[in-house]
*Asks:* 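Right, I'll just put the structure down here and ask away after.
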There are 2 protein chains.
Amino acid sequence: MATIYEVAALAGVSPATVSRVFNGQTVSAEKKRLVHEAATKLAFTPNRTARRLRGQSSEIIALLIPDIENPFFTALARGVEDCAREAGYSLVLCNTDDDPAKELHYLEIVASEQMAGVILAPASDEVDLGAIVSLGRPVVAVDRTTPYPVDAVKIDNRAAGIGATTALFEAGYRRIACIAGPAGIETTEDRFLGWRQVVAARKTVLHDGYLQHANFRVDGGRAAMRALLALDTPPDAVVTTNNLMAVGALQALAAAGIAPDAFGLAVLGELPFMALTPTPFVQVRLPARHLGRTAAAMLLERIGGDAQPPRTVVLRAEVNPPEEQAL
Amino acid sequence: MATIYEVAALAGVSPATVSRVFNGQTVSAEKKRLVHEAATKLAFTPNRTARRLRGQSSEIIALLIPDIENPFFTALARGVEDCAREAGYSLVLCNTDDDPAKELHYLEIVASEQMAGVILAPASDEVDLGAIVSLGRPVVAVDRTTPYPVDAVKIDNRAAGIGATTALFEAGYRRIACIAGPAGIETTEDRFLGWRQVVAARKTVLHDGYLQHANFRVDGGRAAMRALLALDTPPDAVVTTNNLMAVGALQALAAAGIAPDAFGLAVLGELPFMALTPTPFVQVRLPARHLGRTAAAMLLERIGGDAQPPRTVVLRAEVNPPEEQAL
DNA sequence: TTGAAAGCGCTAACAT
DNA sequence: ATGTTAGCGCTTTCAA
């Protein structure tokens, strides 16, 4: 790695001039040419580490997500990346595994690496943003909110739950169950509250066990669906509150040999890579990519110095009734 | 951000002693205590940027993959991450979109950020590793190889293609087509060569158009399958050379109303998040996570100073016949 | 417009 | 065992 000193020597100018050339400062055309020539000859690339130490910040933003193998979060990541790249920022992706310890570790790295900012899908309600917030590094929470005074972008989860459940009701189902995520997580809590609101208002049949809590993954959805089917009075439809649990639920239905139309399904999220639509289902599309783009845009504004009070942007999900689920 | 100077002042020791405490050097228990106390009080975290500028390297490794939304690559990333974390390294994920320009951009960042090393799934045969190799930064190519003298981990793609095709033949299919990836990419080239070898040796029926080239995504697989079904003498089975194209092929089959057992399918890769197995199919599992772990282990060895000549590790895929595709 | 020089926070060589 | 000090490569005053 050549340094500005070597370039300066070769070009016959001072290191400061080389720096100026690479930072769009006023330098005479002649010297500019000399510097570029020398830089090319030496394959010079400015050392970002030094630049960062000096300037106390870098053009890198971090995105902390709980599960990199969940298509919802990879889509979100794409949204962030698209937006960040346009602004000349690079994206660093970190997998927290929903583990507050890993999350904290990565947040420390963000600070000590002097990254420009961080977008975070919090692992739990007990995120510790204290350090990073008091440091003044911009933070945007995405998908879930936090108790800290930082920007947030989320989905109207309650409305999504309401939309999904209502669509099932209108399709004629009357015993509508819900496979919710882990108790105590805001996102899934709101979605299941939406479900509860509708089943209560519509006076559908409701048995013990119609609300199943599961982990957010495929196996959780599968186990929950099995439990539902094993009830004395099984439901005739189910709302799954995320994408992967829906996959598990479908697997359990198929394994139980339930006929396509005999059971109603509403999915919050995109059914990832579905080869076949086994049964028409209600889909509430969650705008993952858009969530990412919005979060990135907000973060970039903060990085740019915007100091208005923290905002929370709520995006609305789009409900598609069963008929429209053609490939 | 507190600095070692502030900690040193508060603890009544020299900056060097603070540094030693945080780097496992010999420091008396008493001073160690004082330093820790002061550090805690000031919420001190060592500044990685300064440390890196000083030490010319960091505990970060980069992973460059062509498509973060492809489960094959996210599984690979998990493998890398698991291994890296155990060794105290953090992982930075970069999405190249199969674009050599983006790839080069990220490689420059790797160098100028003084990351410890990089694991790369090359976008094309024309990767430009010249700069990073001559800089001496460890590089491991994964999934695809490169013309440069760097370590590589790949799958025995030819054997995978052979296994898939043979399994279809043994299941009784005689008109076996192949949906290959873009021409000129080594990975897919080898897989389709395996297919060709078997169809030639077994003297199966082979028509023009039985070899379809497609992009690596769902839409590519779908289009290719449609083209196959539109042939005068359509095939009775197909080998798809990656996971996403298989999803597309299944979609096209379902759309065409082809009955489950009427058409043979062999998939190279995991069918991601399959809710239902529409038809028994041959699966050649590609050890994505293992690929990642292996690559990470090799990279860490290089980072540790290992200077043996470049190695290429070839992992074998595992063929599962149709019967075993239970959920 | 250009150059000289002072750090950014840390580590390691050297001295004590 | 501990302190002093010289950089790592860059940006940015301050002077010229």
Side-chain angles (χ1 to χ4, degrees), chain A residues 1-36 38-39 42-60 108-116 131 135-137, chain B residues 1-39 42-60 108-116 135-137:
Chain A
M1 295 282 283
T3 72
I4 51 169
Y5 292 95
E6 305 174 45
V7 175
L10 185 57
V13 300
S14 78
T17 300
V18 177
S19 172
R20 288 186 187 109
V21 168
F22 281 89
N23 290 284
Q25 298 278 345
T26 51
V27 177
S28 71
E30 171 62 4
K31 304 219 163 185
K32 205 178 276 180
R33 195 184 54 75
L34 285 169
V35 168
H36 274 130
L42 296 172
F44 169 77
T45 319
N47 181 318
R48 287 166 182 256
T49 305
R51 177 179 281 180
R52 187 190 305 194
L53 179 60
R54 177 61 220 240
Q56 307 287 330
S57 126
S58 68
E59 265 86 59
I60 294 190
E108 271 173 14
I109 290 188
V110 167
S112 70
E113 291 276 351
Q114 290 153 283
M115 296 183 182
L135 225 57
R137 292 265 163 219
Chain B
M1 295 280 284
T3 73
I4 50 170
Y5 292 97
E6 304 174 46
V7 175
L10 185 56
V13 300
S14 78
T17 299
V18 177
S19 172
R20 289 186 187 109
V21 167
F22 281 89
N23 290 285
Q25 297 278 348
T26 51
V27 177
S28 72
E30 171 59 5
K31 303 220 163 185
K32 205 178 278 181
R33 196 185 54 73
L34 285 168
V35 168
H36 275 129
E37 214 164 79
L42 298 172
F44 168 77
T45 317
N47 181 317
R48 288 165 180 257
T49 304
R51 179 179 278 180
R52 189 190 302 196
L53 180 58
R54 178 60 222 236
Q56 306 288 335
S57 125
S58 68
E59 264 85 60
I60 294 190
E108 270 172 16
I109 290 190
V110 166
S112 71
E113 291 277 351
Q114 289 153 285
M115 296 184 182
L135 225 57
R137 292 267 163 218

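Being a predicted model, the structure only gives us computed values, none of them experimental.
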*Asks:* At under 4.0 Å, does any side-chain N or O of Thr3(B) touch on OP1 or OP2 of dC8(C)?
*Replies:* no
*Asks:* Using modelled atom types and a 3.5 Å cut-off, is there a donor and acceptor pairing between side-chain atoms of Arg48(A) and backbone atoms of Ile109(B)?
*Replies:* no
*Asks:* When the distance from CZ of Phe22(A) to C1' of dT2(C) is rounded to whole Å, what number comes out?
*Replies:*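 After rounding, the reported distance stands at 17 Å.
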*Asks:* Does Thr49(B) put a side-chain nitrogen or oxygen below 4.0 Å from OP1 or OP2 of dC10(C)?
*Replies:* no
*Asks:* Does a side-chain N or O of Ser14(B) approach OP1 or OP2 of dT2(D) to a distance below 4.0 Å, or not?
*Replies:* no
*Asks:* Among the candidates dT2(D), dT2(C), dC10(D), find the nucleotide nearest to the side-chain atoms of Thr17(B).
*Replies:*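 Closest of the options to the side chain of Thr17(B): dT2(D).
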*Asks:* Which distance, rounded to the nearest 0.5 Å, do you find between the CZ of Arg51(B) and the OG of Ser57(B)?
*Replies:*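 Arg51(B) atom CZ to Ser57(B) atom OG measures 11.0 Å (nearest 0.5 Å).
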*Asks:* Taking the nucleotide of DNA chain C with the nearest heavy atom to each, does Leu53(A) or Ser19(B) sit closer to the 5' end?
*Replies:* Leu53(A)
*Asks:* Using only modelled atom types and a 3.5 angstrom limit, is any donor from either the side chain of Tyr5(B) or the base of dC10(C) paired with an acceptor on the other?
*Replies:*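 Such a pair exists between side chain and base.
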*Asks:* Find which nucleotide of DNA chain D each of Asn23(A) and Val13(B) is nearest to by heavy atoms, and output the residue with the more 5' nucleotide.
*Replies:*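 That would be Val13(B).
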*Asks:* Atom CZ in Arg52(B), atom CD in Glu113(A): separation rounded to 0.5 Å?
*Replies:* 4.0 Å
*Asks:* Is the closest side-chain donor-acceptor distance between Thr49(B) and Gln114(A) under 3.5 Å?
*Replies:* yes
*Asks:* Could you give the CD1-to-P distance, from Ile4(B) to dT5(D), as a whole number of Å?
*Replies:* 15 Å
*Asks:* If you go through the side-chain atoms of Arg20(A), does one of them form a donor-acceptor pair with the base of dG3(C) closer than 3.5 Å?
*Replies:*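 Yes.
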*Asks:* Within the structure, does a side-chain N or O atom of Lys32(B) lie under 4.0 Å from either OP1 or OP2 of dA1(D)?
*Replies:*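 For dA1(D), neither OP1 nor OP2 has a side-chain N or O of Lys32(B) closer than 4.0 Å.
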*Asks:* Output the rounded distance in Å from CZ (Arg52(B)) to C1' (dC10(C)).
*Replies:*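 Whole-Å distance recorded here is 13 Å.
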*Asks:* Classify Gln25(A) by what it touches in the nucleic acid, base, sugar-phosphate, or nothing, heavy-atom distance under 4.0 Å.
*Replies:* nothing
*Asks:* From the set dC10(D), dG9(C), dT12(D), return the single nucleotide nearest to any side-chain atom of Phe44(A).
*Replies:* dC10(D)
*Asks:* I need the minimum non-hydrogen distance between Ala111(B) and Leu135(B), along with the two atoms involved.
*Replies:* CB-CD2, 3.6 Å
*Asks:* CZ of Arg48(B) versus P of dC10(C): gap in Å, rounded?
*Replies:*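 The distance from CZ of Arg48(B) to P of dC10(C) comes to 12 Å, rounded to the nearest Å.
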*Asks:* Write down the distance between CD (Glu59(B)) and P (dC10(C)), rounded to a whole number of angstrom.
*Replies:*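 Checked: the CD to P distance equals 15 Å.
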*Asks:* Would you say a side-chain N or O of Thr26(A) is under 4.0 Å from OP1 or OP2 of dT1(C)?
*Replies:* yes
*Asks:* Taking OP1 and OP2 of dC8(D), is either one under 4.0 Å from a side-chain nitrogen or oxygen of Asn47(A)?
*Replies:* no
*Asks:* Between Ala50(B) and Ser28(B), which is nearer to the 5' end of DNA chain D once each is assigned its nearest nucleotide?
*Replies:* Ser28(B)
*Asks:* Which atoms form the tightest heavy-atom contact between Ala8(A) and Ser14(A), and what is the distance?
*Replies:* CB-C, 3.7 Å
*Asks:* Check each of Leu10(B), Leu34(B), Ile4(B), Asn23(B) against Val18(B) using the side-chain contact (heavy atoms from CB on, under 4.5 Å) test, and report the only one that passes.
*Replies:*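 Only one option passes, and that is Ile4(B).
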*Asks:* Using the C1' atoms of five pairs at each end, what's the angle between the two axes of the helix from dT1(C)-dA16(D) to dT16(C)-dA1(D), to 10 degrees?
*Replies:* 40°
*Asks:* Could you report the tightest heavy-atom contact between Phe22(A) and Ala39(A), atom names first, then the distance?
*Replies:*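 Heavy atoms of Phe22(A) and Ala39(A) come nearest at CZ-CB, 3.8 Å.
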*Asks:* Heavy atoms from C-beta onward define the side chain here; which of dC8(C), dC10(C), dA1(D) lies closest to that of Arg51(B)?
*Replies:* dC10(C)
*Asks:* Between atom CD in Gln114(B) and atom C1' in dC8(D), what is the gap in whole Å?
*Replies:*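 Those two atoms, CD and C1', are 8 Å apart.
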